[in-house]
Every structure is written in C-alpha cells, then in structure tokens.
Amino acid sequence: MKILSPALHSALDYLVVVILWTAPFILNLNGLIATLTYSLGAVHLLLTVFTNFPLGIIKIVPLKIHGYIELIVSVVLLTTPLYISKLSAMDSAMDTFFFGGFGVIVFITWLISDYDPCGDAV
C-alpha cells in the first residue's frame, strides 16, 4: 500500500537529514559511527535536493531512481553492523541499534512510498 505521496515523502526526506545530523549529539555516537551518520545525512540531502519531486530543488534525479537508491540504502544500513564492527569496534549497542533501526525505517518508507508521480507503484 503506497500511502506516502511524493509531496509527503519529499518533506520527510528533509526531516531525515536533520535527524541524521543531530543523531550523533543526541545518541552520543562517536568516531567512525558519527562520521558515517553525518556523511549519510549529506548524501541524503544531495539526493533530496536533486530529486524530481515536490520539494526537490534541482530536479534531475527521477523519482523512481530515488526509490531504488533508498531500497539499496536500507539494505546497506541493515547490514552495516555486520561489517562496520570489522573496521572499527562499535562503541555501544546504540551504534548497532541506530543503523539497524534506521535501515528498517528506510525500508518501511520505501515500501509505503509512491515513487511514481503518475501513480504507478515502483
């Protein structure tokens, strides 16, 4: 069921950037985990600004491509705790919970978002 319209999704994407950029402070994420979180926020901001949907500014990335990128990102986030611990020990269970939980949220958002401005589901 596609309950998130492109307009609502575009607004939520900007909120996600704010969440990603404040999460290291709020959740006390440090080191590599904080850097990855800030970087993910920056990449998400760029994707949102360049997506062809209501609150996109430059509108060169098709909405369907935006959806495919979010699907890939959700899988990467869900698996991050598995490989990030090999690069740098996660400081706390919060690091694992944050990336895993964020991956679940992105995947659910992907499932319920309408990525076709004409109304056809991805």
Side-chain angles (χ1 to χ4, degrees):
M1 181 177 197
K2 305 296 182 180
I3 60 175
L4 281 182
S5 68
L8 182 55
H9 186 106
S10 63
L12 289 175
D13 275 354
Y14 286 105
L15 177 61
V16 166
V17 172
V18 172
I19 290 168
L20 287 168
W21 284 348
T22 59
F25 296 111
I26 295 169
L27 302 175
N28 197 28
L29 305 176
N30 297 301
L32 179 62
I33 303 304
T35 301
L36 288 173
T37 304
Y38 292 132
S39 299
L40 182 59
V43 169
H44 197 76
L45 177 62
L46 287 172
L47 178 62
T48 302
V49 165
F50 283 97
T51 297
N52 185 12
F53 60 2
L55 294 179
I57 297 169
I58 299 177
K59 301 182 189 261
I60 59 175
V61 175
L63 188 53
K64 282 189 176 188
I65 299 299
H66 180 106
Y68 294 135
I69 291 169
E70 286 188 342
L71 175 61
I72 293 166
V73 167
S74 72
V75 173
V76 169
L77 287 171
L78 285 168
T79 59
T80 296
L82 300 174
Y83 57 84
I84 198 74
S85 62
K86 302 208 186 319
L87 297 174
S88 170
M90 291 192 159
D91 292 336
S92 69
M94 181 56 70
D95 299 340
T96 303
F97 176 76
F98 176 75
F99 280 104
F102 196 70
V104 169
I105 291 168
V106 172
F107 183 73
I108 290 170
T109 302
W110 176 81
L111 283 175
I112 65 172
S113 291
D114 180 6
Y115 290 106
D116 188 344
C118 298
D120 297 331
V122 172

| message | A side-chain contact here means heavy atoms from C-beta on lying under 4.5 Å apart; do Leu36 and Phe99 qualify? | response |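 Yes - at least one pair of side-chain heavy atoms lies under 4.5 Å apart.
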| request: Decide yes or no for Phe98 and Leu20: does some side-chain heavy atom of the first lie under 4.5 Å from some side-chain heavy atom of the second? | output: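 Yes, side chains in contact.
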| What residue among Glu70, His66, Lys2 forms side-chain hydrogen bond (donor to acceptor under 3.5 Å, both in side chains) with Tyr115? |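 The passing option is Glu70.
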For a quick test of reading the model, state the closest non-hydrogen atom pair linking [X] to [Y] and the distance between them.
X: Leu4; Y: Leu8; result: CD2-CD2, 3.2 Å
X: Ala34; Y: Pro24; result: CB-CB, 4.0 Å
X: Lys59; Y: Pro54; result: NZ-O, 3.6 Å
X: Thr48; Y: Phe53; result: O-CE1, 3.5 Å
X: Leu63; Y: Asp116; result: CD2-N, 4.2 Å

Would you give the length of the straight line joining atom [atom1] of [X] to atom [atom2] of [Y], rounded to the nearest 0.5 angstrom?
X: Ile58; Y: Phe50; atom1: CD1; atom2: CZ; result: 3.5 Å
X: Leu12; Y: Ile105; atom1: CG; atom2: CD1; result: 11.5 Å
X: Leu40; Y: Ile19; atom1: CG; atom2: CD1; result: 11.5 Å

| field | Passing option when Val61 is tested against Thr51, Val49, Leu46 for side-chain contact (heavy atoms from CB on, under 4.5 Å) | value |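 Considering Thr51, Val49, Leu46, a side-chain contact (heavy atoms from CB on, under 4.5 Å) with Val61 is found only for Thr51.
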| field | With Thr37, the side-chain contact (heavy atoms from CB on, under 4.5 Å) member among Thr22, Leu29, Leu32 | value |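 It is Leu29, the one option of Thr22, Leu29, Leu32 that forms the side-chain contact (heavy atoms from CB on, under 4.5 Å) with Thr37.
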Is it possible for you to say whether [X] and [Y] belong to one hydrophobic cluster, with membership spreading through side-chain heavy-atom contacts below 4.5 Å?
X: Tyr14; Y: Tyr38; answer: yes
X: Val75; Y: Leu47; answer: no
X: Val18; Y: Ile57; answer: no
X: Leu15; Y: Ile3; answer: yes
X: Phe97; Y: Val16; answer: yes

| Check: Ser10 side chain, Ala7 main-chain N or O, donor-acceptor pair, under 3.5 Å |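 Flag set: sc Ser10 to bb Ala7 pair under 3.5 Å.
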| request: Show the numbers, then the answer: is there a side chain to side chain contact (heavy atoms under 4.5 Å, CB included) between Ile69 and Ile65? | output: CA-CA 6 Å; Ile69 291 169; Ile65 299 299; 3.9 Å; yes
| task | Please step through side chain to side chain contact (heavy atoms under 4.5 Å, CB included) for the pair Val43 and Val73, ending with a clear verdict. | result | CA-CA 11 Å; Val43 169; Val73 167; over 6 Å; no
| task | May I have the step-by-step check of side chain to side chain contact (heavy atoms under 4.5 Å, CB included) for Phe102 and Leu78, ending in yes or no? | result | CA-CA 8 Å; Phe102 196 70; Leu78 285 168; over 6 Å; no
| Residues forming a side chain to side chain contact (heavy atoms under 4.5 Å, CB included) with Ser74, sequence neighbours excluded |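 Partners of Ser74 under the side chain to side chain contact (heavy atoms under 4.5 Å, CB included) test: Leu71, Val106, Phe107.
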